[in-house]
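Keep in mind that what you see is a predicted model, and the values were worked out from it rather than measured. Scope of the values below: all heavy atoms of this structure, side chains included, with no hydrogens, waters or symmetry mates.
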Amino acid sequence: PSSPLQIENMRFTTAFLIIACANAFAPTNHMGPATPSVHVNSALSMADGEFDFDVAIIGCGVGGHGAALHSRAQGLSTGVFAGGDVGGTCVNRGCVPSKALLAASGRVREMKDSPHLESLGIEVEGEVKYSRQGIADHAKNLANRVKGNLENSLVGLGCDVVEGRGILTGNPHEVKDSLTGKVYTAKDIILAPGSIPFVPPGVEVDEKTVYTSDGALELQHVPEWVAIIGSGYIGLEFSDVYTALGSEVTFIEALPNIMPTFDREIAKQAERLLIRDRPIDYRTGVFAAEVTPGIPGEKPVTIKMIDANTKEHVETIEVDAAMVATGRVPNTKDMGLEDMGIETQRGFVAVNEKMQVLTKHEDGEVIPNVYCIGDANGKMMLAHAASAQGISAIENIAGREHIVDHSAVPAACFTHPEISMVGPTEEQAIEMAEKEGWTLGKSQGSFRANSKALAEGEGNGMAKVLFKKETGHVVAVHIIGLHAADLIQECANAVAAGTTVQELSMMVHTHPTLSEVMDEAFKSAAGVGGGH
């Protein structure tokens, strides 16, 4: 039997994952109490004896786990094909361990920042030291703890966990266990295989001196000089870790701008706060055409760069290590998609708004009783988006039509300071306004004028609210600053609920807190005074 601590961890993990994605759901869709009576909405149940499971879920990352919990909450018999990877990328090789590295390295950065500490009246005598292995162990231990909690929650709620990877057989309602070869049947099947790091052609990965995020999270060594290929979320977060621990970093970005996916105004602030004042330089508009591994402490990594347009050789550098952070691709190979008549594009599975799988991306037909959630469908490659899609798929399986509002799903980059956003960039919003015929409004809040931020000595940053002038509805919010990842949730909820800036400006924010940065922006948008 489970110990009281295990039970409490299970309850915490279950509640956390469900609550975390709740903002993506429209307020009119009420998910009532989990009672077996809801089960009648499914055409067939385990009691009918025709299927082994009501729902079979291939994959056990955050998306598959979220789907499994909600499936059991509806009284549906549920089988999860874990593929030996309970927790998936997020828990084992992504969000969770990377936050542990960022937390530990962030403390090192803070304790080494003598001017900042002195401004607070704090003196640190002697050298600030850290244990590389200790930090690596912190990340590994956290991942293992969360993984254990996830597994306990599945078993505790009555899910059948199959160790092998699930493979479609080509026959409706069938999933084969890759380990035993046993074929299981299910009324409905949810594909949640997740994604793997993308390694561009010409890049040789040994996961020692040239590695993806998978290898970087093990923190086998802290290189003196590391090149990071790609300057998106993953690359930025690891530059934060490496520079805090004493490394020099060079970004290699194929697109013309550093941090190309971020709102341009936020990216400029991020360049000032996260790059310019740190031992970081960058090359833009170039490909890392050839990357050859080295030997730690003996032979450098060689990186040959070519112009992204002309493809002519530009520069060759030798560094101690290279991290490949060029995005991710679906983990959909060898799972029987072709046998089911499913055509993919670059590995992505086409789905409609209900997460039902389509035969192809262009004019595809629905494949009955098959759904796909998370990174594999490419709609939004975020763990909490995958969980939201999993819950939505179960809602549709249970006969209650539901569509995830992806425009209300927030995202965050956990650098120091953090960056967060919900909705389109300002550049995209301008295009949307012109196309759809509405006027874009813009307002800002400042950390520099916030009492709590100033008390922390962290006055850098801003919050930007984009809204429709005609109606006051919030279109997007972008934040860079202290605890930006926490501040974005109020904004995401506003987008999901259709709350206007006028309504938000009249909502009382606690003083003195960082939330008043948003209060200032909302009041400015609505033309209301009195923000702190």
Side-chain angles (χ1 to χ4, degrees), residues 17-29 31 59 61-67 70 89-90 94-95 190-195 232-233 261-263 327-328 330 345-358 361 364 366 371-397 400-413 419-429 431-433 435-436 438 465-468 473-479 485 488-499:
L17 288 170
I18 292 176
I19 293 169
C21 63
N23 69 289
F25 291 80
T28 53
N29 285 293
M31 294 184 185
V62 173
H65 181 263
H70 197 51
T89 294
C90 174
C95 335
I190 297 178
L191 310 179
S195 64
Y233 294 81
T261 60
F262 290 81
D263 178 275
R328 303 182 64 84
Q345 284 189 1
R346 294 177 292 115
F348 289 104
V349 176
V351 296
N352 61 16
E353 290 182 321
K354 297 179 182 179
M355 301 298 136
Q356 294 172 301
V357 170
L358 306 176
H361 283 77
V366 171
Y371 299 76
C372 181
I373 64 171
D375 289 1
N377 68 34
K379 283 186 173 289
M380 186 171 266
M381 298 178 80
L382 296 168
H384 47 283
S387 186
Q389 291 173 4
I391 294 173
S392 184
I394 294 297
E395 284 291 287
N396 288 309
I397 286 171
R400 299 186 295 272
E401 183 174 323
H402 187 274
I403 295 171
V404 175
D405 180 6
H406 288 94
S407 70
V409 177
C413 183
I419 305 170
S420 63
M421 67 288 296
V422 62
T425 64
E426 183 175 350
E427 294 73 28
Q428 293 167 334
E431 292 181 6
M432 287 172 58
K435 183 179 179 180
E436 298 171 11
W438 46 269
V465 176
L466 305 175
F467 60 96
K468 295 182 179 181
H473 286 108
V474 178
V475 175
V477 178
H478 297 268
I479 310 171
I488 200 64
Q489 193 60 54
E490 173 186 18
C491 310
N493 292 346
V495 174
T499 313

### Message
For V474 and C491: C-alpha separation, side-chain torsions, deciding distance, then whether side chain to side chain contact (heavy atoms under 4.5 Å, CB included) applies.
### Response
CA-CA 8 Å; V474 178; C491 310; 5.7 Å; no

### Summary
In this structure, CG of N352 is separated from SG of C372 (nearest 0.5 Å) by 11.5 Å

### side chain to side chain contact (heavy atoms under 4.5 Å, CB included) between L191 and Y371, intermediate numbers included
CA-CA 6 Å; L191 310 179; Y371 299 76; over 6 Å; no

### Task
Output the distance between atom CD1 (I397) and atom CE (M355), rounded to the nearest 0.5 Å.
12.0 Å

### Separation of E427 CD from D263 CG (nearest 0.5 Å)
5.0 Å

### Message
Quick one, F348 and M381 - any side-chain contact, counting heavy atoms below 4.5 Å?
### Response
yes

### Message
Just by distance, no angles: are the side chains of D375 and S195 close enough, under 3.5 Å, to form a donor-acceptor pair?
### Response
yes

### Query
So do W438 and V475 actually touch side chain to side chain, heavy atoms under 4.5 Å?
yes

### Non-hydrogen atoms of H384 and P410 that approach each other most closely
NE2-O, 2.6 Å

### Query
Please walk me through it: do R328 and T89 pass side chain to side chain contact (heavy atoms under 4.5 Å, CB included)?
CA-CA 11 Å; R328 303 182 64 84; T89 294; 3.1 Å; yes

### Query
Taking all atoms of both residues into account, what is the closest heavy-atom pair of A383 and C95, and its distance?
CB-SG, 4.1 Å

### Query
Does the side chain of H70 reach to within under 4.5 Å of the side chain of E395, using non-hydrogen atoms?
yes

### Query
Looking at S407 and V422, what are the two nearest heavy atoms and their distance?
O-CG2, 3.5 Å

### Message
Are H478 and E426 packed together at the side-chain level, in the sense that at least one heavy-atom pair is separated by less than 4.5 angstrom?
### Response
no

### Task
Indicate the atoms forming the closest heavy-atom contact of G374 with A386, along with that distance.
CA-CB, 3.5 Å

### Task
Side-chain contact test, heavy atoms from C-beta onward, threshold under 4.5 Å: evaluate it for T425 versus T261 and give yes or no.
no

### Query
Heavy atoms, side chains only, cut-off 4.5 Å: are V477 and L466 in contact?
no

### Query
Rounded to the nearest 0.5 Å, how far apart are OG1 of T499 and CG of N493?
8.0 Å

### Query
Looking at V409 and A385, what are the two nearest heavy atoms and their distance?
CG1-CB, 4.1 Å

### Message
A side-chain contact here means heavy atoms from C-beta on lying under 4.5 Å apart; do V351 and Q356 qualify?
### Response
no

### Query
Roughly how far, to the nearest 0.5 Å, is CD of E353 from NE2 of H402?
11.5 Å

### Summary
OG (S420) and CD1 (I479) are apart, to the nearest 0.5 Å, by 4.0 Å

### Task
Side-chain contact test, heavy atoms from C-beta onward, threshold under 4.5 Å: evaluate it for V349 versus P330 and give yes or no.
no

### Message
If we count only N and O atoms by modelled type, under 3.5 Å, do the side chains of N396 and E401 hold a donor and an acceptor together?
### Response
no

### Query
Closest approach of A67 and I373, non-hydrogen atoms and distance?
CB-CD1, 4.3 Å

